[in-house]
Amino acid sequence: MGNQNEGRKNLVLGFYAMAGFMLYGFLLIYLRDFAPNAAEWAAAYGNGKHFEARLAHVHGNLFAFLNIVIGYLLFKLDISFKQKQLVSWLAILGMLMPVGILLELLLSASPVFVLIGAICMTASVFMLGYFISKSKNTVI
C-alpha cells in the first residue's frame with residue numbers, strides 16, 4: 001500500500017467491526033428483552049458474564065470508530081509513510097481488546113489479548129497526536 005492509501009485498512013476494518021459489534025448489540029437486546037429466559041438475563045445483566053458481554057459490545061464499537069477516524073486522518077494528514085504505518089497497525093491491533101473480551105467470555109481465553117489491544121490502541125492514539133504535533137503541515 002502506498003502512502004496515498006495508508007488508512008484504508010483501518011476504514012475497512014473499522015466499518016466491518018462496527019457492523020459486527022452493532023449486530024452483537026442487537027443479540028444482547030434480544031437476550032435481555034425477548035428471549036425465553038429474558039427475565040433471568042435481565043436480573044443478572046450487570047454481573048459477571050453479562051457485564052463482560054456489554055464491555056465487549058461497547059469497546060468493540062468504540063475501537064471500530066477509532067479505526068474509522070484514524071483511517072480517515074491517515075488519508076488526509078501530511079506525516080511520513082512509516083508514521084502512518086505505525087499508527088495504522090497499532091490501531092488495528094487495538095481491536096484485540098474487544099475481541100479478547102469476547103474470547104475470554106466465550107472460550108475462557110487468557111486476558112492477554114485484552115491487555116495487548118488496550119496498549120496498542122492507546123499507543124496508536126498517542127503516536128498520532130505526537131506525529132501531528134511535530135508535523136509542519138496538518139491541514140485536513
(request) Carefully, step by step, assess Leu74 and Leu128 under the rule side chain to side chain contact (heavy atoms under 4.5 Å, CB included). (result) CA-CA 9 Å; Leu74 292 177; Leu128 185 56; 4.2 Å; yes
Looking only at non-hydrogen atoms, find the nearest pair between [X] and [Y] and report the distance.
X	Y	value
Pro98	Phe21	CB-CZ, 3.8 Å
Gly94	Cys120	N-CB, 3.8 Å
Ile101	Ala56	CG2-CB, 3.7 Å
Glu52	Glu104	OE1-CB, 4.3 Å
Ser124	Ile70	OG-CD1, 3.8 Å
Phe113	Gly100	CB-CA, 3.9 Å

Rounded distance [0.5 Å steps], [atom1] in [X] versus [atom2] in [Y]:
X	Y	atom1	atom2	answer
Asn37	Leu31	CG	CG	7.5 Å
Leu55	Met97	CG	CE	7.5 Å
His57	Leu23	NE2	CG	10.5 Å
Met121	Ile92	CE	CD1	9.0 Å

Co-membership, hydrophobic cluster, residues [X] and [Y], 4.5 Å side-chain:
X	Y	value
Val69	Val87	yes
Leu11	Met22	yes
Val99	Val58	no
Leu90	Phe126	yes
Leu96	Leu107	yes

Check: [Y] main-chain N/O paired with [X] side-chain donor or acceptor under 3.5 Å:
X	Y	result
Ser88	Gln85	no
Asn67	Ala91	yes
Ser135	Ile79	no

Would you mind reporting whether [Y] and [X] have side-chain heavy atoms less than 4.5 Å apart?
X	Y	answer
Lys9	Trp89	yes
Lys82	Phe131	no
Leu77	Ile132	yes
Leu115	Pro111	no

(message) Quick check on side-chain contact (heavy atoms from CB on, under 4.5 Å): which of Lys84, Glu6, Arg8 does Phe75 satisfy it with?
(response) Arg8
(request) Using the six-membered ring wherever Trp is involved, compare the ring planes of Phe63 and His59 and label them parallel, tilted or perpendicular (cut-offs 30° and 60°). (result) perpendicular
(message) Can you confirm whether Phe65 is buried at CZ, in the sense that more than 12 heavy atoms of other residues, nucleotides or ligands lie under 6.0 Å from that atom?
(response) no
